[in-house]
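A quick write-up on the structure given underneath.
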Protein chains: 4
Amino acid sequence: MRSFIEQARRAQIIGAAIETIAEHGYANASLARIAKHADISKGVISYHFAGKEELIEQVVTQVFSAIVEEVAPRVTAAPGPREALREHIIAVGEYVLAHRTQLMALSEIINGARSTEGKPLYGISSSEDLYESLELYFASGQDSGVFRHFDRRVMAVTLQSAIDGAFGYWVVHPEHDLAAHMTELADHIDRAVLADPA
Amino acid sequence: MRSFIEQARRAQIIGAAIETIAEHGYANASLARIAKHADISKGVISYHFAGKEELIEQVVTQVFSAIVEEVAPRVTAAPGPREALREHIIAVGEYVLAHRTQLMALSEIINGARSTEGKPLYGISSSEDLYESLELYFASGQDSGVFRHFDRRVMAVTLQSAIDGAFGYWVVHPEHDLAAHMTELADHIDRAVLADPA
Amino acid sequence: MRSFIEQARRAQIIGAAIETIAEHGYANASLARIAKHADISKGVISYHFAGKEELIEQVVTQVFSAIVEEVAPRVTAAPGPREALREHIIAVGEYVLAHRTQLMALSEIINGARSTEGKPLYGISSSEDLYESLELYFASGQDSGVFRHFDRRVMAVTLQSAIDGAFGYWVVHPEHDLAAHMTELADHIDRAVLADPA
Amino acid sequence: MRSFIEQARRAQIIGAAIETIAEHGYANASLARIAKHADISKGVISYHFAGKEELIEQVVTQVFSAIVEEVAPRVTAAPGPREALREHIIAVGEYVLAHRTQLMALSEIINGARSTEGKPLYGISSSEDLYESLELYFASGQDSGVFRHFDRRVMAVTLQSAIDGAFGYWVVHPEHDLAAHMTELADHIDRAVLADPA
DNA sequence: GATGAATGAGTATTCATTCAT
DNA sequence: GATGAATGAATACTCATTCAT
């Protein structure tokens with residue numbers, strides 16, 4: 001059981017890590033820079049986290065679960081798979097809009113963090129859960145005849161990539177209307193999954 | 001004018017860089033490791049390239065132009081925008097299948113290489129050309145009434161992301177049938193862009 | 001605010017730098033050599049100083065201000081410009097005799113330290129203050145009629161060069177009587193500046 | 001016996017070395033840079049000179065003997081030691097004015113070139129000849145009673161330093177009137193050496 | 001005679017981690 | 001709990017020299 005002050009320190013450090021990574025990129029986010037940003041000594045990080053790996057892992061889990069926490073209930077509340085799919089896209093878009101820094105950090109980590117042998121630590125391999133949950137909507141829609149037949153994994157990868165890509169584009173072009181982009185994307189996916197009219 | 005042996009060495013080093021980056025990731029691809037992989041002294045790289053930046057730049061341009069060289073003619077040969085779009089997706093998929101290592105290296109560089117201030121060197125911002133060329137198909141199809149009206153930039157970003165995502169998924173899951181994936185993706189896009197029947 | 005131990009380490013490193021530079025010359029005084037001389041790890045220097053530049057800068061300011069601190073009061077105490085001039089030469093000579101290593105290091109730095117483009121970092125251009133202070137004596141002596149009319153900048157450059165030269169000769173020929181040299185030099189300068197008898 | 005073409009090549013390389021050293025400083029004058037400046041391959045230098053040391057040595061000898069060649073006859077032609085001394089100063093000044101680059105290179109080498117152990121290669125220790133020749137004038141003047149009694153070595157060091165200092169100042173301040181400076185310096189030295197009137 | 005290629009030791013600097021206080 | 005200090009390996013890059021062609 002962690003003490004309260006311990007938890008507060010960890011939260012503070014995680015927050016500083018997020019901001020530092022978002023601003024300078026994963027490769028340039030040394031512990032020294034994160035510590036400086038948090039206005040604490042370098043040693044504090046080592047004291048509260050087993051190593052850099054654990055800190056990064058905490059950042060990922062925290063950001064990731066925050067998204068799920070917000071998006072999941074909205075999707076669940078949708079009346080059917082078609083609406084759920086649309087809601088998923090829109091909800092993620094809104095979350096991203098409101099938490100740019102966190103998502104930038106997450107994105108940085110996902111394609112920057114590597115094991116000592118060079119393998120991605122949080123890459124696509126760790127998105128299995130995500131794909132599976134998307135596939136549930138697809139299956140449900142296909143079973144009820146609303147969606148046409150298609151490979152669910154391919155669609156899941158396509159959708160997830162398109163969402164990531166929208167975010168990535170918006171980060172580089174902040175004037176881009178992300179909400180409208182997501183609405184358009186929802187339309188495209190809708191057309192791609194919908195069963196042909198009899 | 002570069003001597004023949006000079007060109008050969010540069011090609012060898014570029015090849016070694018591609019393999020090293022693909023295997024160990026961009027961040028772990030130090031000049032020392034690349035040199036070791038090529039079984040040459042570290043200094044040779046410095047001798048033939050102005051710096052790491054130039055080497056990476058050469059890798060990017062080489063891989064990138066090789067793709068364009070193969071894909072472009074096939075797309076151009078398509079009878080109409082709808083076929084061109086499908087051909088683009090299929091052709092890229094086939095190229096990627098045949099040149100996994102090169103594309104992995106390219107992907108690594110694109111989301112790993114940063115300027116000293118942490119900004120991506122070859123990121124989305126440099127994909128503008130790519131987006132614009134995709135938009136040309138879309139515009140052509142829309143003008144002829146084959147494609148429905150949609151935001152061309154959003155569709156370009158979506159398609160490109162979906163292609164990248166397919167590749168990324170296949171890298172992690174080499175048993176995944178990439179060719180089939182691309183065919184499916186082509187179908188999805190086809191449905192997303194096609195004009196509604198009168 | 002620097003901690004005590006921090007100050008001590010910095011002083012130790014500065015001391016090691018002075019000795020290393022004096023012994024091996026500026027060009028051969030790498031951080032590695034300085035660290036070895038101080039019997040510490042290379043990283044310690046980087047930890048306590050922003051870079052080599054800052055270390056060298058500290059050496060220069062420290063040695064330089066130590067000289068001024070000792071020489072200035074003695075000169076100020078002189079009854080007139082003629083005596084002040086003599087006292088300046090004698091006092092510098094005595095200081096140099098007692099701090100050979102430090103002065104050798106200073107001299108090494110002054111004509112060894114270069115910017116990346118090759119321009120001296122602490123060269124003659126930064127001696128402006130020194131020349132101006134010498135010119136004040138000359139002006140004072142000329143105004144009171146003790147000194148004859150001469151170009152004050154030329155005399156300042158000449159005097160400073162002669163002092164530097166005496167030091168340089170003594171470094172190479174340690175058996176040379178530097179004190180006597182300085183007394184002679186004071187006589188020469190005295191003759192050079194004195195007004196002709198009526 | 002060196003062939004004509006061999007001599008020409010050596011002269012070309014020496015010239016390039018002089019210009020490179022004068023422009024970029026001794027420390028930044030790598031063989032690569034010198035070769036580039038001469039528009040020849042790096043290997044050529046190694047072919048014609050045993051090593052960097054020999055090249056530098058040749059530069060020093062060449063520049064140095066060129067000065068002596070010009071100055072010596074003018075001094076020898078002077079009617080007496082007093083005039084010879086003045087002529088020495090003026091002649092050196094004029095030579096320096098007309099051969100700035102060569103002298104800058106010489107100066108760079110004198111206080112930049114070091115043996116592997118860090119000892120100066122062309123420093124004061126190698127000026128013994130120069131001092132001795134100056135001392136001859138002084139002795140001659142003292143013997144004839146024109147000059148007062150003073151330590152000849154101290155005076156030689158002083159004069160030589162003052163000349164070097166004038167040059168160094170002029171390099172940094174090219175608008176400085178070097179000729180006038182030398183005339184003033186000649187006056188100062190004259191006063192310093194002259195016997196007191198009976 | 002001349003060249004371009006290659007080497008290996010050397011440069012300053014950065015960094016995650018460890019540890020005594 | 002927290003800190004500043006220290007480490008040692010790793011980074012890209014430079015350079016004088018050697019050598020086969």
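Naming: A, B, ... by sequence-line order, numbering from 1 per chain.
At whole-Å resolution of the value, NZ in D/Lys52 and P in E/dG10 are 16 Å apart. Separating the CD atom of C/Glu53 from the P atom of E/dT11 is a distance of 17 Å, rounded to the nearest angstrom. One interatomic measurement links the two molecules: CD1 of A/Ile34 to P of E/dC15, which rounds to 11 Å at whole-angstrom precision. The distance between atom CD of C/Glu54 and atom P of E/dT13, rounded to the nearest whole Å, is 11 Å. For the pair C/Leu31 CG and F/dT14 P, the computed distance is 18 Å after rounding to whole Å. Summarising the geometry, the separation between CZ on D/Arg114 and P on E/dG10 is reported as 20 Å, rounded to the nearest angstrom. For the pair A/Ile45 CD1 and E/dA16 P, the interatomic distance rounds to 9 Å; values are reported in whole Å. Taking atom CZ of C/Phe49 as the reference point, atom P of E/dA12 lies 15 Å away to the nearest angstrom.
Although no hydrogens or angles enter the test, the distance criterion places a donor-acceptor pair under 3.5 Å between the side chain of D/Lys119 and the main chain of C/Glu23.
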Its contact letters, B for base, S for sugar-phosphate only and - for none at protein heavy atoms under 4.0 Å, make nucleotides 1-7 of chain E read BBBBBBB
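C/Leu55 places a side-chain heavy atom less than 4.5 Å from the side chain of C/Ile34. A 4.5 Å side-chain heavy-atom check between A/Val63 and A/Ile109 finds every atom pair outside the cut-off.
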Secondary structure of DNA chain E in dot-bracket form (Watson-Crick or G-U wobble, distances below 3.5 Å, | marking inter-strand pairs):
.||||||||||||||||||||
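Residue-environment remark: CD (D/Glu53) stays at or below the threshold of 12 foreign heavy atoms within 6.0 Å. Residue-environment remark: CD (B/Glu6) exceeds the threshold of 12 foreign heavy atoms within 6.0 Å.
Under a 4.0 Å N-O distance rule, the pair D/Arg114/C/Glu108 qualifies as a salt bridge.
Applying the side chain to side chain contact (heavy atoms under 4.5 Å, CB included) test between A/Ile21 and each of A/Thr101, A/Ile56, A/Asn28 identifies A/Ile56 as the sole match.
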Could you walk me through whether D/Arg10 and D/Gln7 pass the side-chain hydrogen bond (donor to acceptor under 3.5 Å, both in side chains) check?
CA-CA 5 Å; D/Arg10 284 174 66 96; D/Gln7 280 186 312; over 6 Å; no
Working for side-chain contact (heavy atoms from CB on, under 4.5 Å), residues D/Ile67 and D/Leu103:
CA-CA 9 Å; D/Ile67 306 176; D/Leu103 272 293; 3.8 Å; yes
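C/Leu31 contributes atom CG, which lies 10.5 Å from atom CZ of C/Phe49 (distance to the nearest 0.5 angstrom). Between atom NE2 of residue A/His48 and atom CD1 of residue A/Ile14 there is a gap of 11.5 Å, rounded to the nearest 0.5 Å.
Contact annotation for A/Ser46: base contact, defined as any heavy-atom pair under 4.0 Å involving a base atom.
A heavy atom closer than 4.0 Å to some atom of DNA chain F occurs in no member of residues 20-28 of chain D.
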